[in-house]
Structure formats: C-alpha cells, structure tokens
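Worksheet: one structure, shown below.
This one's a predicted model, so the numbers in the text were calculated from it and none came from an experiment. We number each residue from 1, following the sequence as shown.
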Amino acid sequence: MTLAVLGAGVMGTGIATLAIGHGLPVIMVDLDEQTLGKARGQVRQQLRLATLMGSFPSGIATGELTVTTDIADVASVTAVIESITERPERKAMVLADVSTVVTQGTLLVSNTSAIPIDEMADSVARPEEFLGIHFMNPPYLIKTVELIRGPRTGDAAVAAARSLLSTLNTKAVVVGDGPGFVINRVLQRMINEAARIVQDGIATPEAVDAVFTGCLGHRTGPLGTADLIGLDNVVDSLNVLLDRTGDEGYRPCDLLVAKVKAGEHGRKSGTGFFEHGGTR
C-alpha cells in the first residue's frame with residue numbers, strides 16, 4: 001500500500017507522519033518546492049515526537065517519504081488524501097486533476113473540515129470512489145476521525161477507507177454529509193463566539209479558555225484550539241459554513257479577520273490568541 005498526500009502544510013505533514021510511522025510509503029505533492037523542503041524536516045521532527053509518545057507500533061520500519069511537485073507521480077498509489085487549504089475552488093481543481101491521474105479503484109479522500117463531500121464529488125472522475133476523512137490535528141496523536149460518506153460514495157470506497165484507517169490504528173466515526181459535518185458545525189461557531197467575547201472586552205483569551213478547561217473539563221479551550229487549527233483555516237471554514245448555511249452566526253468576527261490579515265495564524269506563525277515561542 002502506498003499513500004499520496006496532496007499538500008505539504010500542517011495537516012499534510014501530520015497525515016504523512018501518521019502513515020510513515022505505521023510503515024506506509026508516502027508520496028507528498030505540493031506546488032512549492034520550498035514548502036516541500038520544509039515538510040521533510042517537519043515530518044522527521046513529528047516522527048520523533050510521536051515515537052517518544054508511543055504513537056506507533058513497535059517493530060515496524062518507518063515508511064519512505066518521497067516529495068514531488070508533479071501530480072503525475074501518484075499514478076500508481078493505493079489511496080490519495082487531499083489536504084490543501086480549505087478553499088472550495090482550489091480543492092475542486094486539485095481533486096479533478098488527481099482523479100484523472102490515478103487508476104480506477106483508487107480510494108480518493110478529502111481531508112476537508114467543512115466543505116460538503118457531494119459538492120466536491122462533482123469535480124472528480126468517479127464520485128463513487130470519493131469520500132471525506134476529517135483528521136484532527138495532530139493526526140499522529142489524535143486517533144479518531146470523522147469518516148464522511150457522501151450520497152454518491154460507494155460501499156467499496158467506505159471499505160477501503162476503513163482498511164486504510166485500521167492500518168493507521170485510527171478509529172473511524174461515520175457521519176453524514178453536510179457543511180461542517182459534526183465537529184466543525186459546532187466547533188467553528190464556538191470559536192467564533194469565543195473570539196467575539198474577547199473582541200467585545202468581556203474576557204481575555206486566557207479567561208475564556210480557563211472557563212472551558214476548568215469548568216467543563218475540556219483539554220484545551222476554544223481559542224487555544226483555534227491557534228492549533230490555524231486562524232486562517234478557522235476563517236476559511238467559517239466562510240464555507242456561512243455560505244452553505246446562510247447562518248450569520250458563522251460570519252467571522254472582526255477580531256479573527258484582523259488577526260489573519262496581520263499574519264497572526266496561531267501556532268504555525270508563532271502568535272495568534274496566545275504566544276507560541278516563534279514560528280515553526
């Protein structure tokens with residue numbers, strides 16, 4: 001089994017780390033050679049961290065990472081996971097391209113966090129082979145995912161996805177299709193309201209998260225979670241949810257928009273709602 005990962009950003013490198021740590025060879029595709037160069041180092045670093053935390057089975061040799069800017073290099077893979085930025089038009093373009101490169105029967109997955117699967121299925125050559133797997137960040141530590149079956153997804157694709165996730169020692173929770181699915185339908189609105197509370201001067205980011213961790217037992221608060229996701233990704237997801245549902249509660253608040261414009265994207269930039277000790 002060989003896995004292709006499209007996109008060398010935070011989630012792409014995390015998914016690659018998960019697969020390599022379970023012995024699968026990975027071909028990572030990105031248009032930016034500099035990004036691919038950084039991705040190699042990030043995957044090595046994440047492999048060390050995950051190994052120290054006991055995330056991988058013992059006695060299994062790590063898989064090989066190959067990086068490329070040419071999507072044609074994934075023609076013979078077993079499965080493809082698209083993990084580029086949460087922009088519908090960009091995902092549609094990439095999915096259309098890769099679906100004509102791979103052979104019939106190849107599992108095609110989008111790691112989307114909000115865009116409906118059936119909407120993206122319009123772009124692929126064989127919609128019955130396409131579904132969504134929403135990995136959490138970091139995927140090599142969080143071992144449960146949303147598996148989203150679109151209306152046109154076939155039984156064989158679901159079975160192939162379950163087999164892949166079993167190899168990755170990751171639990172699938174099957175959910176239906178729709179904007180934001182389960183997690184982000186709830187989480188992104190919560191993040192938006194938490195940011196609005198800070199914007200309105202009702203509480204500091206520290207106080208907001210302390211209430212959630214101390215009173216509700218959450219491992220991280222909504223704003224710490226937002227920094228982990230990436231505030232740019234949060235805004236993109238909120239815009240998708242706003243556009244697909246028409247619910248004004250998903251309109252990104254001014255503070256979130258301002259932070260993204262200022263380059264304050266969270267952990268990956270070194271600062272967001274909290275300081276994270278410099279850029280990655």
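- Using a 4.5 Å heavy-atom threshold, the side chains of Arg149 and Asp155 count as touching.
- Judged as a salt bridge (charged side-chain N to carboxylate O under 4.0 Å, His left out), the pairs with a partner in residues 65-86 (not counting sequence neighbours) are, in order, Glu82-Lys91, Glu86-Lys91.
- Between the CG atom in Leu47 and the CG atom in Leu65 there is a gap of 9.0 Å [rounded to 0.5 Å].
- Here the side chains of Val182 and Val173 are not in contact, with every heavy-atom distance at 4.5 Å or above.
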- Task: Tell me, with the steps shown, if Val10 and Arg267 meet side chain to side chain contact (heavy atoms under 4.5 Å, CB included).
- Result: CA-CA 10 Å; Val10 171; Arg267 286 184 178 270; over 6 Å; no
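- With rounding to the nearest 0.5 angstrom, the CG atom of Leu168 is 12.5 Å from the OG atom of Ser55.
- Val198 is connected to Val235 through a chain of hydrophobic side-chain contacts under 4.5 Å among Ile, Leu, Val, Met, Phe, Trp and Tyr, so both are in one cluster.
- Using a 4.5 Å heavy-atom cutoff, the side chains of Asn239 and Pro252 are in contact.
- Nearest heavy-atom pair across Pro151 and Asp177 is CD-OD2, 3.7 Å.
- In this structure, Asp254 contributes its side chain and Gln199 its backbone to no donor-acceptor pair below 3.5 Å.
- Of all non-hydrogen atoms in Leu255 and Ala195, the two that sit nearest each other are CD2-O, 3.6 Å.
- Following chains of ILVMFWY side-chain contacts shorter than 4.5 Å, one cannot reach Val67 starting from Ile71, and the two form parts of different hydrophobic clusters.
- Distance CD1/Ile183 to CD/Glu146: 4.0 Å, rounded to 0.5 Å.
- With sequence neighbours left out, the side-chain contact (heavy atoms from CB on, under 4.5 Å) criterion links Ile142 to Met136, Pro138.
- The line from CG of Leu95 to CZ of Arg90 is 12.0 Å long, rounded to the nearest 0.5 Å.
- Applying the ring-ring contact (aromatic ring centres under 6.0 Å, His included) test to every pair with at least one member in residues 195-251, sequence neighbours left out, gives these pairs: Phe212-His218.
- Taking hydrophobic clusters as Ile, Leu, Val, Met, Phe, Trp and Tyr residues chained together by side-chain heavy-atom distances below 4.5 Å, Ile229 shares a cluster with Leu242.
- For Ala161, the side-chain contact (heavy atoms from CB on, under 4.5 Å) test picks out Leu107, Leu131, Ile133, Leu147, with sequence neighbours left out.
- Taking Glu119 as the reference, Pro88, Ile115, Pro116, Arg244 meet the side-chain contact (heavy atoms from CB on, under 4.5 Å) condition, with sequence neighbours excluded.
- In this structure a side-chain-to-backbone donor-acceptor pair under 3.5 Å is present from Asn111 to Phe135.
- Checking side-chain atoms of Lys259 against main-chain N and O of Glu264 turns up no donor-acceptor pair under 3.5 Å.
- The shortest heavy-atom contact between Val208 and Pro222 is CG1-CG, 4.0 Å.
- Looking only at distances, no side-chain donor or acceptor of His265 sits under 3.5 Å from a matching main-chain atom of Thr271.
- Checked against side-chain contact (heavy atoms from CB on, under 4.5 Å), Lys38 has the following partners two or more places apart in sequence or in another chain: Gln34, Gln42.
- For residues 180-198, the salt bridge (charged side-chain N to carboxylate O under 4.0 Å, His left out) pairs, not counting sequence neighbours, are Arg189-Asp247, Glu193-Arg196.
- Under a 3.5 Å cut-off, the side chain of Thr62 and the backbone N or O of Gly23 do not form any donor-acceptor pair.
- The environment of Lys171 atom NZ is sparse: at most 12 non-hydrogen atoms of other residues, nucleotides or ligands sit within 6.0 angstrom.
- The two atoms that bring Val102 and Val74 nearest to each other are CG1-O, 3.8 Å, heavy atoms only.
- Judged purely by atom type and a 3.5 angstrom limit, Thr112 has no side-chain atom pairing as donor or acceptor with the backbone of Ser110.
- Linking ILVMFWY residues whenever their side-chain heavy atoms come closer than 4.5 Å, directly or via other members, places Val94 and Ile27 in the same cluster.
- Surrounding CD1 of Ile60 are more than 12 heavy atoms belonging to other residues, nucleotides or ligands, all under 6.0 Å away.
- Applying the ring pair (Phe, Tyr, Trp, His ring centres under 6.0 Å) test to His134 and every residue at least two apart in sequence or in another chain returns nothing.
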- Task: Check step by step if side chain to side chain contact (heavy atoms under 4.5 Å, CB included) holds for Tyr140 and Asn169.
- Result: CA-CA 10 Å; Tyr140 47 86; Asn169 192 29; over 6 Å; no
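- Side-chain atoms of Asn192 never come within 3.5 Å of backbone atoms of Gln188 as a donor-acceptor pair (strictly under, hydrogens ignored).
- Within the structure, every pair that satisfies the salt bridge (charged side-chain N to carboxylate O under 4.0 Å, His left out) test and touches residues 122-139, not counting sequence neighbours, is listed here: Asp122-Arg152, Arg126-Glu129.
- Taking all atoms of both residues into account, the shortest heavy-atom contact from Leu164 to Ala79 is CD2-CB, 4.3 Å.
- Rounding to the nearest 0.5 Å gives a distance of 6.5 Å between CZ of Phe274 and CG of Asp227.
- A 4.5 Å side-chain heavy-atom check between Thr225 and Met190 finds every atom pair outside the cut-off.
- Between the side chain of Ser237 and the backbone N or O of Val234 there is no donor-acceptor pair closer than 3.5 Å.
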Under 3.5 Å, side-chain donor or acceptor atoms of residues 1-9 against the rest of the protein: list the pairs with distances, not counting sequence neighbours.
none

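- Partners of Arg251 by salt bridge (Lys or Arg N to Asp or Glu O under 4.0 Å), not counting sequence neighbours, listed by chain and number: Glu248.
- With rounding to the nearest 0.5 angstrom, the CG atom of Leu238 is 8.5 Å from the SG atom of Cys253.
- Judged purely by atom type and a 3.5 angstrom limit, Ser166 has no side-chain atom pairing as donor or acceptor with the backbone of Arg162.
- In terms of heavy-atom proximity, Ile191 sits nearest to Ala226 at CG2-CB, 3.7 Å.
- A heavy-atom distance below 4.5 Å is not found between the side chains of Arg44 and Ile20.
- Hydrophobic clustering (side-chain heavy atoms under 4.5 Å, transitive across Ile, Leu, Val, Met, Phe, Trp, Tyr) groups Ile15 together with Leu165.
- Sorted by first and then second residue, the salt bridge (charged side-chain N to carboxylate O under 4.0 Å, His left out) pairs with a member in residues 10-33 form an empty list; sequence neighbours excluded.
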